[in-house]
Each structure stands twice: as structure tokens, then as C-alpha cells.
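Just follow the structure's listing: the first ligand is 1, and inside any ligand the first atom is 1. Only a predicted model underlies this, so the values are computations on that prediction, with no experimental measurement involved.
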Amino acid sequence: MGSILFRLWAIVFRNSNNNSSTCTNHNNQKRCSTPLTPTSTSTGRLEVPGASVSRRSSIYKKPDKNDGGQIHMIPDVELPLMTFADQYNIEKTLAEGCFAKILLCRHRPTNTTVVLKAVHAELTTIKEFQKEFHYNYELSHHHHILSAYAVAFQTMDYYVFAMEHAPYGDLASNIGPNGLHETACKLIAEQLSSALGFMHSKNLVHRDLKVENVLVFTPDFTRVKLCDFGATTKKGLLVHKVKHTWTSCVPPEQLELIKNERFQCLPISDSWQFGILLYNILTGNPPWLSADWVKDPAYANFMKYEQRKTTKVPENFRRFSPRLMRCFRKYLTHDTEERCKITEVNKYMKDRWVECRISASKSATLISPTPQDQDSCIYLNQREGRLSGDENKLRFKRMMSSYGLDVPIDQGMVRKRVWDWLSTCDASFDPEVESLHALEM
Ligand SMILES: Nc1ncnc2c1ncn2[C@@H]1O[C@H](COP(=O)(O)OP(=O)(O)OP(=O)(O)O)[C@@H](O)[C@H]1O
């Protein structure tokens, strides 16, 4: 409710300032001198994004599929000088990085909770700030992109813009040491591929996809949103590597560049980072420290497998199903020509992803292969398993024994107990239909 008030309040001020707006059109590019402040917001070009506003509301604006490239025109917005205390009570510092402070605040005039991203003015240029704010604001319509408000200003030390608050923080603080359950990972993957697909449809590349840049709105992950558009770039432009990001997220073609070498910004770099993020949320860790096959053996092993130089599944991927491995190969291929589009993952939503899981808890426990089992994953799922039934049974026994569960089983007793149980479950159960062969190990 508060956030809607904040949006409406921004609109009211926008409209009351429309007449005094000093927008001009230079070389077909709109230049606005109307400051985007909480007391004097935007020109007609800017609207309050409708991401969390009801579709019936008149202020809801659908994502503009055909914006004619307008999204790439970044206006020189004047930022009025003020202090935080003029309108905001700072309640908490949510995060503090190299470049920015993320502040949870109460906006006093509307009594609304908002998050202010305050970027150190000394460490960034006003153009870079305007670009981040502009892209975040223009993409806010998407359901899985963080909403930015039409509110931006500067203090003595910071350039600042306002955005909605994600109550459960970022994905990094939600995944735990063993990763998330497959169901949650599928939900997250679907939402993020939609958000990034939307950006790519606008010829924009995010370039800094990582678990820290995905915000959580519901504890069951049914609502997550992409944030941090500081590195977002128009497709095809020549760029330098993104500084201050984890090397595990940097695609191999960028790691291979020499210092200060520029390269063409392409959506396939988001595809790579999506593959890394997918692995990260399924296991709790990135698959390797850097995609450098000379220095990082974990990456070298994956690369050999991905390039079909070996059929041996890399050890750290053995818990995954053949279908998910196929998907990983497409996102994490070294060959940029072969790398898939961001939405590829949607083809794998109906498949099983993880095969060696025994627990279904949120922070699922994984069966790590014992030293004897290092050659291949223990495929418990017979349909997709690549081993014969007998091999599977042997491996299963070995695994149970490694967990101290190797007590001999009286098959007769087991069969009798199952029959007893089935007859109490369903009186109409047809014993001819089901066989208990699977239990005869
Ligand atoms: N709207 C928000 N609600 C809740 N937490 C947020 C919000 N925005 C950012 N954060 C938190 O602040 C962290 C940093 O935010 P963001 O990535 O935008 O800043 P940054 O300075 O660009 O970070 P970096 O440069 O390290 O990538 C996020 O990882 C998240 O934990």
C-alpha cells in the first residue's frame, strides 16, 4: 500500500511539474532538465513503472515491446542536491559494496519503505549513474526485474535513486551450503530466464548476473527479481571486462582477453553466467573458481567433457541427470558460437535435474560419491540411468554400506510387510498389476 502511495505521489508531482518541464529535443534525443526528485519528478517521458500495480489500474503500463530503440537513449537528467534527512529516515544499511551503499529508508511524506541505492560520487561518473538508473527504471515493468521509482537526486557524496525493498534479501544469503531443492531452482531459473530474455529482446545485456544480484520477495522463491543494472550495456557495443565481479562468473572468452582489451558485448555472456548461477543454486557453490582450463582443473575437466573428449562426467557434476548435463553443456560451452540463448532452460523444466539427492528439505542434503564411486554418479533413477540394473544395485549397496546401512535384509519379511501395508492402504488394490521386483536386491 505504502509503495503504491509513493508511486502515486511521484505521479502527482510529475504532473504538477509537467508545465514547467524543460525537455528539449536535440538530434531526436530527448534531453530533460527537469530534475527527478521526490518533490519534482519526471517529464512526460518517464512514468511510474507498474510492476506491482494492479493491471486494472490506470497507471499500469505494459512492457513496451516495440520501443523503437528509445530505451537506448539515456537522458541527461539533472539531479537536485539535497540531503537524505530532507525526506528520508535511514533505518538500516542493507549492504555496502565498493561503489554503493544500499539503504533501507522510510520516506516521510508518504510513510513508505523504500531502498535507496547511493552510489559514491567520487567512484562513478554522473553518466554511469544515469545509465544504471535509466535502465533499471525502464525495465521495471517486468515482473521479475526490480522496480525503480522515478526518484533520483544527489547529496554531497552520493548519486541516489529509489527502488522497492526485497524483504528476503539476495539469493546468496538464501541458498545455504548445499544449495536449494530442485523445485526452487526451477522456479528461480524460469523467472530469471524470463527477465533476461526480456532484456535481450530490448538488445540489452545485463553482464553481471550472480546470486548477489537476484533479490528474493517470497520465502518459497515464487517471486525473485533481477537487480543491479550498473554494468548493463547495449548489445554490440565495445566494452571492457566488468570489474569487481567474481572470476567464477566471468565467461572464458573474457578471461582470455589481455589487459584493457575491449570486446563486443553480447547476450551469450549472460547465458554463460546463467549456467554458473544455475549450478550455484543447485549446489551452494560455483562449479570452478575461474573458467581458465590451464589454471583451474575443475574447469579443464568440464571442458573436456563438454567438448566430448571424454565421456567421464566431471566429479562435481555427477549428481545431475543426463538431461540437465545436456542443458549445462549448452550454457557453459567454451565455443561462443554454440552457446545457447538464455531461455533454453525452459525446455528442461519437465525433466528431473538432480539424481543423487536423498533429502527433499529446503537445504537438501546430497549424497557425495565415496572414493570408490568417483567414476560415475549413482543413478538411482532407472529410467535415465546409464548403468545396468545389476550395476545399479551393486552401487546402491556400496553406497548404503558407506553410510553404515549394510545390515542384511530379509526379503521375505520385506515383501510381507509391503503386502500388509498395501492391503491396509487400498482394499481395491489389484496385486496382479504391480510387481515387487524392484525390492528383490
Ligand atoms: N532493493 C533491495 N532490497 C533489498 N536488498 C537489496 C536491494 N538492492 C540491493 N540489495 C542488497 O544490496 C546488495 C548490493 O546491491 P547492488 O548489487 O545493487 O550494489 P552494487 O554496489 O552495484 O554491488 P556490486 O558492485 O558489488 O555488484 C545486493 O546484493 C543485495 O544484497
Side-chain angles (χ1 to χ4, degrees), residues 2-3 6-7 48-49 51-52 84 88 90-107 112-137 139-140 142-152 157-176 188 191-192 195-196 199 205-219 221 223-233 239-250 269-270 273 276-277 280-281 286:
S3 100
F6 189 71
R7 287 157 195 268
V48 174
S52 64
F84 290 113
Y88 297 91
I90 297 177
E91 291 178 352
K92 200 173 164 186
T93 300
L94 293 175
E96 189 162 4
C98 305
F99 291 102
K101 265 187 181 178
I102 308 293
L103 305 167
L104 181 66
C105 300
R106 182 142 290 269
H107 178 246
T112 305
T113 296
V114 292
V115 168
L116 296 180
K117 180 162 181 173
V119 186
H120 287 284
E122 271 185 10
L123 302 175
T124 193
T125 62
I126 192 158
K127 287 233 176 279
E128 277 168 336
F129 171 80
Q130 284 168 340
K131 180 168 80 96
E132 173 171 3
F133 170 57
H134 170 78
Y135 283 142
N136 196 158
Y137 181 81
L139 294 165
S140 295
H142 194 278
H143 219 53
H144 299 296
I145 290 181
L146 186 74
S147 290
Y149 296 112
V151 172
D157 302 315
Y158 298 100
Y159 299 127
V160 190
F161 72 92
M163 51 194 173
E164 63 181 329
H165 176 223
Y168 296 92
D170 62 35
L171 258 189
S173 51
N174 279 272
I175 49 180
I188 295 166
Q191 297 170 69
L192 287 182
L196 288 155
M199 287 185 71
V205 184
H206 184 279
R207 299 184 65 221
D208 199 12
L209 180 61
K210 54 187 180 186
V211 282
E212 290 80 3
N213 287 342
V214 179
L215 299 177
V216 182
F217 283 75
T218 53
F221 304 102
R223 193 87 190 267
V224 298
K225 295 191 183 191
L226 183 62
C227 74
D228 193 357
F229 299 87
T232 298
T233 305
V239 285
H240 291 287
K241 270 190 249 184
V242 174
K243 286 181 200 145
H244 302 286
T245 203
W246 305 113
T247 49
S248 60
C249 299
V250 181
S269 82
D270 286 348
Q273 295 185 335
I276 300 288
L277 184 138
N280 202 342
I281 57 176

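For the pair D228 and K210, the salt-bridge criterion is not met [side-chain N within less than 4.0 Å of a carboxylate O].
Within the structure, salt bridge (Lys or Arg N to Asp or Glu O under 4.0 Å) contacts touching residues 91-105 (residues at least two apart or in different chains) are E91-R106.
Nearest approach of R207 to D270, heavy atoms of both residues: N-OD1, 2.9 Å.
Checked against a 6.0 Å centroid threshold, the rings of Y135 and F229 do not count as neighbours.
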Side chain to side chain contact (heavy atoms under 4.5 Å, CB included) for I145 and M199? Distances and angles first, verdict last. CA-CA 10 Å; I145 290 181; M199 287 185 71; 4.1 Å; yes
Start with the C-alpha distance between Q191 and H143, add both sets of side-chain angles, then the distance that settles side chain to side chain contact (heavy atoms under 4.5 Å, CB included), and finish with yes or no. CA-CA 9 Å; Q191 297 170 69; H143 219 53; over 6 Å; no
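Residue-level contacts of ligand 1 at the 4.0 Å heavy-atom threshold are L94, A95, A100, I102, V115, K117, L146, M163, E164, H165, A166, D170, D208, K210, E212, N213, L215, D228.
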